[in-house]
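Everything on this sheet refers to the single structure shown next.
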Amino acid sequence: KSARGDIRFEGCDASGGWVAIKNNGSKVINMKGWTLKKVINGVDKYSYTFTAENNAQPGKEMRLVASGMKDEATYGDITVENFTWAPTGKFVLVDDKSAEKATMDIKIDN
C-alpha cells in the first residue's frame, strides 16, 4: 500500500467483493471526479468515478461493493456496476486532476 495524502486504501475482500478506502485526515474530502481503478496485467479492468455526493469523512472508511456482492452491502456502502473487483491486480486511486493518490497491490499466495 502507498498513499500521497489523507486518503488511503484500507483493504479488500479476498473474493473481490469490495474494496475500502479511508480518510485519515481531519477534514471532509469531497471525492467528486476522483476515480478508483483496478489494473490487471497493466490494463485498466474496472473503475468507479466518485460523484459529488461521495464525501470521505475524517477517520471513516468507505466501502465500494461490487454489484455481484450487493446483498452484502450495508448502509453507507457504495454499490458499483462492475460485477467483481477481482481478487488480484492493483488498485489505483486518482484525484479529479488525474494525480495518483493511493495504490494497493493484491497478490495471492499459493
Is there a side-chain contact between [X] and [Y] in this structure, where contact means two heavy atoms from C-beta onward sitting under 4.5 Å apart?
X: F50; Y: L93; result: yes
X: R8; Y: K1; result: no
X: N54; Y: M62; result: yes
X: N55; Y: E53; result: no
X: Y46; Y: F83; result: no
X: S47; Y: L36; result: no
X: F91; Y: C12; result: yes
X: W34; Y: V94; result: no

Main-chain N/O of [Y] paired to [X] side chain as donor or acceptor, under 3.5 Å:
X: T79; Y: V65; result: no
X: K38; Y: T84; result: no
X: N30; Y: A52; result: yes

Is there a path from [X] to [Y] through hydrophobic residues (I, L, V, M, F, W, Y) whose side chains come within less than 4.5 Å of each other?
X: Y48; Y: W18; result: no
X: V28; Y: I21; result: no
X: V92; Y: I29; result: no

Where is the tightest heavy-atom contact between [X] and [Y], given as atom of each residue plus distance?
X: A66; Y: G16; answer: CB-O, 4.0 Å
X: W85; Y: L64; answer: NE1-O, 3.1 Å
X: K27; Y: P58; answer: C-CG, 3.7 Å
X: P87; Y: A14; answer: CB-O, 3.0 Å

Pairs meeting criterion salt bridge (Lys or Arg N to Asp or Glu O under 4.0 Å) with involvement of residues 76-95, two or more places apart: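 Non-adjacent pairs meeting salt bridge (Lys or Arg N to Asp or Glu O under 4.0 Å): R63-D77, D95-K101.
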Candidate pair I7 and M31, rule side chain to side chain contact (heavy atoms under 4.5 Å, CB included), full reasoning: CA-CA 10 Å; I7 302 290; M31 302 291 289; 4.2 Å; yes
Dump the intermediate steps for side chain to side chain contact (heavy atoms under 4.5 Å, CB included) on E100 and R4, then the final yes or no.
CA-CA 8 Å; E100 188 175 286; R4 293 176 187 89; 3.2 Å; yes
Determine whether the side chains of D6 and N23 contain a donor N or O and an acceptor N or O closer than 3.5 Å.
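Side chains of D6 and N23: no pair found under 3.5 Å.
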- Item | side-chain hydrogen bond (donor to acceptor under 3.5 Å, both in side chains) partners for T35, two or more places apart |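 For T35 the side-chain hydrogen bond (donor to acceptor under 3.5 Å, both in side chains) partners, ignoring immediate neighbours, are T49.
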